[in-house]
There are 2 protein chains.
Amino acid sequence: MSNSEVARDKTLVQSVDRAVAVLELLARNGEAGITEIAAELGVHKSSASRLVHTLQARELVEQEGERGPFRIGIGMLRFAGAVTGQLDYVRVGGPVCTELADRLGETVNIAVLDGDVALNVSQARGSSAVAAQNWVGQRTPLHATSSGKVLLAAAPADEQERLLSGELESCAPRTITDPVKLRYVLRRTAEDGFATCMEELEAGLHAVAVPVFGSRGDVVAAISAAGPAYRLSQKRMPEIVEELRVASRDLSVRMGHPVL
Amino acid sequence: MSNSEVARDKTLVQSVDRAVAVLELLARNGEAGITEIAAELGVHKSSASRLVHTLQARELVEQEGERGPFRIGIGMLRFAGAVTGQLDYVRVGGPVCTELADRLGETVNIAVLDGDVALNVSQARGSSAVAAQNWVGQRTPLHATSSGKVLLAAAPADEQERLLSGELESCAPRTITDPVKLRYVLRRTAEDGFATCMEELEAGLHAVAVPVFGSRGDVVAAISAAGPAYRLSQKRMPEIVEELRVASRDLSVRMGHPVL
DNA sequence: CACCGTGTTCCGTAATACGCAACGGAGGTT
DNA sequence: AACCTCCGTTGCGTATTACGGAACACGGTG
């Protein structure tokens, strides 16, 4: 499902594209051996071996011990630093996330709009986090997450319609797949200034998000809290929304945007 | 100075190697145009263009607006998440850095030993940071940094000697380049449990570091504070060392290592 | 309006990365 | 302990692939 040759763009460099595919595979799987990588990319073992070793020479890939599977390497941090240097949300969002996560005891995320998906740029786990999953860098569907709804609700109308006209994939039993219903929810989101997500992405997972405003009053990101359904009850939402709003304002200020 | 062809390893994939060089260049410079990249790598503009666009298609590179210079792209966060998921120092070090940076008002770094250099894996800027430089992912010489001295002092004797026998590059007027003197300093570092760096890396820059211990009592990282010489005076050192020690213990605990 | 500096596109060439197959090493199994 | 199997690496020959050259397109500027 990764990259079937849908008429490869002639201007793209094949081996580089494959190398990035290797990195993406490792990021997704955590680790993988040469044979597995070769199979996944649909290339010969020798090719995979050479690609991996080239990346290893640059420390973008490393292997457990002498003869183990490969992982993403430490050298990648060089670039992570470079991207966080530009993306204010990341640099400044970390502390904000951490603080709020400590206070709520739930996992807190900051996400930005990236094309047709919500991209998590920062995260802090709550003290009572059950599964310690890392969402940083993960893309999540806009219609099935609280952050996504907030970002989508703030997007220009044509952008919104373009997405609504596409297929709304069902991620969990309660995912909103009806465009009409989603349109209504987005309107409510814009009015209320927050969005919830009740088992729409994953069974048993609730979340709630509020927008983060930029200097011109536009929505530049969303900050959300997520946790197990039994803990993030409907009743607790107003309290959490208020906490999120405080964090959101804090974030705006730290990013140098005048408070409204 | 980047990559002169010192008999390119035949098993390496040239274009992938070049692509990574592009990324490293962007990480270093912040941004660059096609022509500049081509010149720096010593390749033709057309080659550089293709490499960059391949990376852009995967969102590892993005450009400012429609016709601007190129930067490291958001897609890189995918990998950043993957590496931080494995490297405990990064995941857990962030909050610790932030807290200490807030308290001291100086920039705090966590570094690990990576071959012959100290690799900064986490950073938080102090409130009064003058230059907001990002050191995450940066490699710094072991003999000219406080973290480096701490890490080196804890390294096995043969490793230490190997490095001392190599050339000690002079980074600033006061860099220690004499192996005999450095050997003495390292012994002192091991005894004292901290190391300083007074304008040895950069004129006007002082720093001080303490070790971070792993579960078996071995040194796994170093945590350091850095700032302008006039602010990090010799007199203030004991106080800062004490703060660093607290943070170091905190870090060890958070990483699940039993306190000694 | 012509000029310079961008970056992109087309094209022919040969360098380059590919797939193949054989090799070498570890671990596990009988 | 010898066998076997699985994994990764190395040489090798081929043709795919990426490269460099030059011309082109696009803006900004004098």
Side-chain angles (χ1 to χ4, degrees), chain A residues 2-26 29-73, chain B residues 2-26 29-73:
Chain A
S2 45
N3 52 339
S4 42
E5 345 302 346
V6 280
R8 257 193 59 248
D9 190 333
K10 260 186 65 76
T11 74
L12 259 49
V13 179
Q14 188 191 56
S15 41
V16 173
D17 200 56
R18 286 179 173 174
V20 180
V22 169
L23 292 174
E24 288 186 345
L25 172 65
L26 289 178
N29 276 21
E31 54 178 46
I34 294 288
T35 307
E36 185 182 349
I37 294 171
E40 193 82 23
L41 297 203
V43 300
H44 198 266
K45 285 195 301 179
S46 60
S47 304
S49 173
R50 280 184 282 256
L51 288 174
V52 168
H53 280 101
T54 307
L55 293 170
Q56 192 182 17
R58 295 281 195 167
E59 294 187 283
L60 299 194
V61 154
E62 67 190 9
Q63 67 180 321
E64 169 108 32
E66 184 68 35
R67 175 175 306 276
F70 293 85
R71 313 167 153 188
I72 298 291
Chain B
S2 46
N3 53 338
S4 42
E5 345 301 347
V6 280
R8 257 191 62 248
D9 190 333
K10 262 187 66 72
T11 75
L12 260 47
V13 180
Q14 188 191 55
S15 42
V16 173
D17 200 56
R18 285 178 174 175
V20 180
V22 168
L23 292 173
E24 288 186 345
L25 173 64
L26 290 178
N29 278 20
E31 54 179 47
I34 294 288
T35 308
E36 186 182 349
I37 293 171
E40 194 82 23
L41 297 204
V43 300
H44 197 265
K45 285 196 300 180
S46 59
S47 303
S49 174
R50 280 184 286 254
L51 289 173
V52 169
H53 281 99
T54 306
L55 294 169
Q56 191 181 18
R58 296 280 194 165
E59 293 187 284
L60 298 193
V61 153
E62 66 190 10
Q63 67 180 322
E64 169 108 32
E66 184 69 33
R67 175 178 303 278
F70 294 85
R71 313 166 153 188
I72 298 292

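Below, chain A is the first sequence line, B the second, and so on; all start at residue 1.
Between A/Leu51 atom CG and C/dT16 atom P the separation is 16 Å, expressed in whole Å. For the pair A/Leu12 CG and D/dT16 C1', the computed distance is 16 Å after rounding to whole Å. Summarising the geometry, the separation between CG on B/Asp17 and C1' on C/dA17 is reported as 14 Å, rounded to the nearest angstrom.
Considering only side-chain N and O atoms, A/Ser15 lies under 4.0 angstrom from the phosphate OP1 or OP2 of D/dA18. Between A/Gln14 and D/dT16 there is no side-chain polar atom (N or O) within less than 4.0 angstrom of OP1 or OP2.
In summary, the side chains of A/Asn29 and A/Glu36 do present a donor paired with an acceptor at a separation below 3.5 Å, with no hydrogens or angles considered. Counted by atom type alone, A/Thr54 and A/Arg50 present zero donor-acceptor pairs between their side chains at under 3.5 Å.
Residues passing the side-chain hydrogen bond (donor to acceptor under 3.5 Å, both in side chains) test with B/Ser15 are A/Ser15, sequence neighbours excluded. Under the side-chain contact (heavy atoms from CB on, under 4.5 Å) criterion, B/Ala48 pairs with B/Ile34, B/Ile37, B/Ala38, B/Val43, not counting sequence neighbours.
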Atom pairs, N/O to N/O, protein against nucleotides 7-15 of chain D, distance under 3.5 Å?
from, atom 1, to, atom 2, distance (Å)
D/dG8, OP1, A/Ile34, N, 3.1
D/dG8, OP2, A/Ile34, N, 3.4
D/dG8, OP2, A/Thr35, N, 2.8
D/dG8, OP2, A/Thr35, OG1, 2.5
D/dG8, N7, A/Lys45, NZ, 3.0
D/dT9, OP1, A/His53, NE2, 2.6
D/dT9, OP2, A/Ser49, OG, 2.7

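The two atoms that bring B/Leu51 and B/Arg18 nearest to each other are CD1-CB, 3.8 Å, heavy atoms only. Taking both residues in full, the closest heavy atoms of A/Ala57 and B/Leu12 are given as CB-CD2, 4.3 Å, listed atom of the first, atom of the second, then distance.
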